[in-house]
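Step one of this worksheet: look at the structure below.
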There are 2 protein chains.
Amino acid sequence: MPKLGMEPIRKTALVKATIMEIGRAGSLDVTVGQIAKRAGMSTALAHHYFGGKEQIFLAAMRHILTLYGAEVRGAMVLAKTPEARLEAILLASFSPANFRREVVSAWLNFYVLAQTTPGARRLLAVYQRRLQSNLVAALRPLVGARAVALADAVGALIDGVYLRAALSERPSDAEAAVQLIRAYLAAEIQERKE
Amino acid sequence: MPKLGMEPIRKTALVKATIMEIGRAGSLDVTVGQIAKRAGMSTALAHHYFGGKEQIFLAAMRHILTLYGAEVRGAMVLAKTPEARLEAILLASFSPANFRREVVSAWLNFYVLAQTTPGARRLLAVYQRRLQSNLVAALRPLVGARAVALADAVGALIDGVYLRAALSERPSDAEAAVQLIRAYLAAEIQERKE
DNA sequence: TCTTTTATTGATTGACGAGTCAATAAACTT
DNA sequence: AAGTTTATTGACTCGTCAATCAATAAAAGA
């Protein structure tokens, strides 16, 4: 039965299964056995391809980041004005995809992991730098030198609002979240113009 | 040897040990054995007083919340003007105590736990409501009806900025964090007055 | 064809951990 | 003094789980 070239197929299956299992458990308290089962293979094979549990988790985190990055980039190319680019970042950050249970869970556990696992910390830094540079690029034409400080604030605001929305009872109050940040931005940009 | 009235003593010892162990591990991946050892007793005794691991964790979370609440209240009574009250909330939220490794770890894992454990979710809601009402009370005299919306934003900003500061390389960039939120508030309040 | 590489798993190992229990003993009650 | 409550632990049970290994088999290469 062994067909060749299975490695990438098995790996992506494991990554997806990992994310789903993390969502189901709400934590990283997930066994290799559960992941392998959901991915339709033996635990031995999971170990064979990834070498260990931590590496499976990191691959899953990388995947989440990749999806998010793709979403932002996809929305950005369509946006021609700075305002539209800001809006695109917001919409991508609060898209329904980011409020799926598995994704929320992955992000929260990502933060936890970042405290102790260098790999996770690096990935988180990548995400933050990318967001920051996107924000600065969009804000510069609107507020000039204040762009960097404003981007810091908006970045933190996105994280904080996401955190609250993700953990609120009403699942995915995304529209209100975006609205809040939009209002903030409008006020800050306005201020500059006057 | 059995001295009576040990229960509260042992319980607080366990709670403190739990917080320290969570800080050491960076996660809830902490055994009752480790906690009990640090608290200077057997695992059986820990189970005797708390009944189970989850209840130990919830007690630890409750303790963290209590400390934070006391810090805020302590700073609030000294503040006489609305501006001073806002400042007090910020200083309490970003006090050095909140940047100790154990406390950061506890908060992050608190968020993770809140996804699935009703008790943790309730505690988190308590924290958020308290912060919200403190912020609204302080903001009302300054911005009137906009106080509620602004409090939402500031609450999210506090969480987001805390998250970033706690996970940044430079530990406890608290002053910059407070400064950022202060600037935001100044701009929003200013706007109203003009 | 023979060998090597890749795919795959069942079974096993070795370790650890949550929760229970019976036993010991001090203090308090009657 | 006898009985009850509170404090305390060592030893044990039962389960789980990460990681390893030996074995099987199909494809590719020589």
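Side chains are part of it too, since the values below use all heavy atoms of this structure and drop only hydrogens, waters and symmetry mates. Chain letters run A, B, ... following the sequence lines, proteins first, then strands; residues in each count from 1.
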Phosphate-side-chain proximity, B/R10 and D/dT6, N/O vs OP1/OP2 below 4.0 Å: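 For B/R10, the contact criterion (side-chain N or O under 4.0 Å from OP1 or OP2 of D/dT6) is not met.
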
Residue-phosphate contact under 4.0 Å: B/Y49 side-chain N/O, D/dA7 OP1/OP2: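 Checking D/dA7 against B/Y49, a side-chain N or O does come within under 4.0 Å of OP1 or OP2.
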
Rounded interatomic separation in angstrom, taking [atom1] from [X] and [atom2] from [N]:
{"X": "B/H47", "N": "D/dT6", "atom1": "NE2", "atom2": "P", "value": "21 Å"}
{"X": "A/L28", "N": "D/dC17", "atom1": "CG", "atom2": "C1'", "value": "16 Å"}
{"X": "A/D29", "N": "C/dC16", "atom1": "CG", "atom2": "P", "value": "17 Å"}
{"X": "B/L45", "N": "C/dT20", "atom1": "CG", "atom2": "C1'", "value": "14 Å"}
{"X": "A/I9", "N": "C/dA7", "atom1": "CD1", "atom2": "P", "value": "10 Å"}
{"X": "A/K37", "N": "D/dC17", "atom1": "NZ", "atom2": "P", "value": "12 Å"}
{"X": "A/E7", "N": "C/dT6", "atom1": "CD", "atom2": "C1'", "value": "10 Å"}
{"X": "A/H48", "N": "C/dT5", "atom1": "NE2", "atom2": "P", "value": "13 Å"}

Check: B/Y162 side chain, B/N98 main-chain N or O, donor-acceptor pair, under 3.5 Å: yes

Which nucleotide wins on minimum distance to the side chain of [X], given the candidates [options]?
{"X": "B/T43", "options": "D/dA7, D/dC21, C/dG19", "answer": "C/dG19"}
{"X": "B/T31", "options": "C/dT9, C/dG17, C/dT8", "answer": "C/dG17"}
{"X": "A/L4", "options": "D/dA7, C/dC21, C/dT6", "answer": "C/dT6"}

Do [X] and [Y] touch side chain to side chain, with heavy atoms closer than 4.5 Å?
{"X": "A/T117", "Y": "A/R121", "value": "no"}
{"X": "A/R24", "Y": "A/R101", "value": "no"}
{"X": "B/F50", "Y": "B/I35", "value": "no"}

